[in-house]
Amino acid sequence: MARYDAASIEPKWQETWREAGTFAARRDEGRPKYYVLEMFPYPSGALHIGHVRNYTMGDVIARHRLATGHAVLHPMGWDAFGLPAENAAMERGVHPGEWTYQNIAAMKEQFGRLGLTLDWSREFATCDPEYYGQQQALFLDFLDAGLVYRKNAVVNWDPVDMTVLANEQVEDGKGWRSGATVERRELTQWFFKISDFSEELLSALDGLDAWPDKVKTMQRNWIGRSRGLQCAFALVDGPEGHAEIEVYTTRPDTLLGASFVGISPDHPLARRLEEDDADLAAFNAECRKMSTAEEAMEKAEKNGYDTGLTVRHPFDPDWELPVYVANFILMDYGTGAIFGCPAHDQRDLDFARKYDLPVISTYAPAMGEEGTFILPENGGPAYVPPKTETVRYIKGFAGHEAQTGNDAVEAAIGVCQDKGVGRGVTRYRLRDWGLSRQRYWGCPIPVVHCDACGVVPEKKENLPVRLPEDVDFSKPGNALDRHPTWRDVACPACGAPAKRETDTMDTFVDSSWYFARFTAPRADAPTDAQDAAYWMNVDQYIGGVEHAILHLLYSRFFARAMHICGHLPASAVEPFDALFTQGMVTHEIYVTRDERDRPVYHLPKDVEWTESGARLGSTGEAVEVIPSAKMSKSKKNVVDPLEIIDRYGADTARWFVLSDSPPERDVEWTASGAEAASKHLARVFRIATEAADAPAEGADGADQALLREMHKTIHDVTVGIESFGFNTSVARLYAFTNTLSKSDAGRDARMRAARTMAQLMSPMTPHLAEEIWSTLGGEGLIATAPWPEADPAMLVDDEVTLPVQINGKRRTEITVPRDLDRAEVERRALDTHAVKKALDGNPPKKTIVVPGRIVNVVV
RNA sequence: GCGGGCGUGAUGGAAUGGUAGACAUAGCAGACUUAAAAUCUGCGGGCCCCGGUGCCGUGCGGGUUCGAGUCCCGCCGCCCGCACCA
């Protein structure tokens, strides 16, 4: 009897599939198409177990669809631009391109061992000039269509390294390399006009039925449509040209609770006032020494600076309110100015208490709902009920005394407009997408700056604008910008000497259309109309929930923009029909500190466990263990799946990552269990191949019992795969293995059951399945054999056991024919000893019979 | 801070509002074996006047329901995102 030997089986079948071209995607108008896509990886150089989980899930879907007769597109590529390559260049002196392509080669080899159904003929990396050249063509088309523009925006500036920092590179307000305090600096940058699509991107979410609700909710909140009032507070003795402050508020119903007006440190008035006020200039400078990350701003202590100016309340010219510059007001949102209503906003209340400003409630809980309510002016917290709740207005000026916040806001807007105080507006939180990056390793923005002509787009025939190879990474900053000659170019318009743009594109641009490029990866335009029409949309997109907002929103925008420019059909403006967000694989993090107390991360395989705790295997240095977090290259808490593949085979790794944890949930990686998965596959192989040696005649009824169980398994496993319940499919297959091993059925039934089991396992453990299939005389490749179908007649049992509850607690059970009518079920339940005893001769108060499920008797 | 999610035995987890703990891992006991490995069988939430038609039990506290792990409200803990990490 042959033993299960993954090391010999797996390469054999991989070779067979490769030679047969089993997984090459072909347009076939006679079949339904199915495009399954997992978010493509950053080529860190090492496949980690999170990748294995992610790509195995997609592979299960792809293999299942292949078996159900679909023309499947399952491509793979590399999200290859980005910071890590530049960091490697600075740390090790290796060129980012060389480093990246080496990593790609290494990872591709690792991918190859997993037995995935990938069509490698469509592979590309976003750093390939062929890809980013097409991306530059898209940029030029977007520019033509008015979807791109330039404006000033703030960046994190490291004054020592003289370079722009990513938010990730700012730690506690300091640059990660220099340790210098980071400042904000304004640069002219390129923007995509995603805000033009705010309403469209919001309302179209309603049609995405196969997206997780949580992702749609996050996107809705991110886009953040709000209805409010824009109105002006007239300045008393303001500087010239500053007659009033325009504010935006979503709570105009609280206008009579206003106690101050706050403006952003970047507000034009704040900038004007700091010219004459050194203290304010210092305050603003301090505010600008903050990371551009919104999170940092929200967490920072709320500070204000009293400008000494006052404004008049729009309803009462005698009511003057102080004007503060406040560090928590964003210039990017609304008008960069607010009025503060401390009674109904905790942040404003904290601010008012800090600067001794009045607190004026405009509403309080409705009559009869006061409970232990304390007015904020009497020391209570800010009263901020949901806008849907009915409250009682103390200082209302519009609508009823008792009304919901929503009604009050609309009424207030109406009254204000009638009075000529402001106007109702709809706003969105979503900001335009700044795509400029001051870095080398990205897609060059294909424009030229000419003294005479201004900003001139590069000619399409000159694309791609290639990155230069000879670059210097000995200094921080943009290596492209300091290249001696690359910038020098003739103006595409007038031919005079001009300078290339040295900013490159955000890597989110690269990943915002790769799914479309996969449909025609070698086309000499961004897409090919026929291929796009055939393959789009992505039927199933799979990736991490960490991409729930930015990547997915940007891709939705890009698909619309590409449609406007003629690169995608109208049917593809929502590019992902179904989305699944798989959980992350987490792992402990191991850290030591360098001489400047900065963290140095270590791979789990470099850490050894001794009695005295975790230590570095190489030096014995003690290692600090930080609790599990998302596996990331930067934290180095990654596990090498190759070790498992080397030891047990790819099928074991695949089986293991699919079992146990539900795919949408995070899973903590532990080494234990791989052994068990491997044993199980060996058992499956043995039980399946032994079926051929079974006696021709089985025990009475055993064939029928086995086949009945087989059909139930087909049903359950299929449902599991189609609903991303891979762990339950695996569990069901474990159970069926036990059934088969204990069965007394005859040879034919057992071989049939074993072949079916192999088919059901084939999406998860494809090599093992092929081996069993061929051993048991299956026809052709199991990869393309038609998926088994469950016979509905075999799924139902003749008798069912119903639990009988008394007052909701299970007390006994009855076994009845499946179709027994409700009244008879009730009669039999009431006839049980337990129920009769509980009733004690009295009639039941109520009896609930749920056919096929349960009986509940209320006494 | 704001937005979103998650929380069930020692462990991973199962459960259209209907028998909580399927399936598996670790563990324990047994069979086979000179022995080990492999394999097979069984046990497997807690408590107790422990074999009973017994009590408790799905992070904590309330609520809705004939019935709640599941729905609602309020907490606690952990995780993700916050626009220049990808």
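From a predicted model like this one, the values you see are computed outputs, not experimental measurements. Residue numbers begin at 1 in each chain, while the letters A, B, ... track the order of the sequences.
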Please work out if [X] contacts a base, only the sugar-phosphate, or nothing of the nucleic acid, heavy-atom cut-off 4.0 Å.
X        : answer
A:Val215 : nothing
A:Gln438 : base
A:Leu802 : nothing
A:Val730 : nothing
A:His547 : base
A:Gln189 : base
A:Phe328 : nothing
A:Arg429 : base
A:Trp222 : base
A:Ser659 : nothing
A:Ala293 : sugar-phosphate
A:Gly583 : nothing

Check nucleotides 35-43 of chain B for protein N or O atoms closer than 3.5 Å to its own N or O atoms and list the pairs.
{"unit_1": "B:C40", "atom_1": "OP1", "unit_2": "A:Arg683", "atom_2": "NE", "d": "2.7"}

Side-chain atoms of A:Arg431 come closest, of B:A83, B:U25, B:A24, to B:A83
All salt bridge (charged side-chain N to carboxylate O under 4.0 Å, His left out) counterparts of [X], not counting sequence neighbours:
X        : result
A:Asp213 : A:Lys216
A:Arg353 : none
A:Arg220 : A:Asp206
A:Asp506 : A:Arg437

Among all residues two or more places apart in sequence or in another chain, which pass the side chain to side chain donor-acceptor pair (under 3.5 Å) test with A:Arg429?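 Expected list: A:Glu294.
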Listed pairs under 3.5 Å, donor-acceptor, residues 801-809 of chain A side chains, sequence neighbours left out:
{"unit_1": "A:Thr801", "atom_1": "OG1", "unit_2": "A:Thr815", "atom_2": "OG1", "d": "3.2"}
{"unit_1": "A:Asn807", "atom_1": "OD1", "unit_2": "A:Val859", "atom_2": "N", "d": "3.1"}

Examine the base of B:G12 for any acceptor or donor lying under 3.5 Å from a partner atom in the side chain of A:Asp660, and report the outcome as yes or no.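 It does, because a donor-acceptor pair links the side chain of A:Asp660 to the base of B:G12 below 3.5 Å.
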Check if the side chain of A:Glu294 and the base of B:C82 share a donor-acceptor pair of N or O atoms closer than 3.5 Å.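 Per atom types, no contact qualifies.
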Would you please confirm or rule out a distance under 4.0 Å between OP1 or OP2 of [N] and any side-chain N or O of [X]?
X        : N     : result
A:Asn727 : B:A14 : yes
A:Ser661 : B:G12 : no
A:Asn221 : B:C2  : no
A:Arg665 : B:A14 : yes

Mind checking ring pair (Phe, Tyr, Trp, His ring centres under 6.0 Å) for A:Phe328 and listing every partner two or more places apart, or none if nothing turns up? A:Phe351
With sequence neighbours left out, the residues meeting ring pair (Phe, Tyr, Trp, His ring centres under 6.0 Å) with A:Phe557 are A:Phe192, A:Phe197
CG of A:Leu733 to OG1 of A:Thr728: how many Å apart, nearest 0.5 Å?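 Atom-to-atom, A:Leu733:CG and A:Thr728:OG1 are 9.5 Å apart.
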Under-3.5 Å N/O pairs linking protein and nucleotides 30-32 of chain B:
none

Rounded to the nearest angstrom, tell me the gap between atom CG in A:Asp716 and atom P in B:A14. 15 Å
Only Watson-Crick and G-U wobble pairs, only distances under 3.5 Å, only runs of 3 or more: what stems does that leave for RNA chain B? B:1-7 with B:76-82, B:10-12 with B:23-25, B:27-31 with B:39-43, B:45-47 with B:54-56, B:59-63 with B:71-75
Quick tally for nucleotides 62-76 of chain B: nucleotides whose base has a protein heavy atom under 4.0 Å get B, sugar-phosphate-only ones S, the rest -, giving ----BS---------
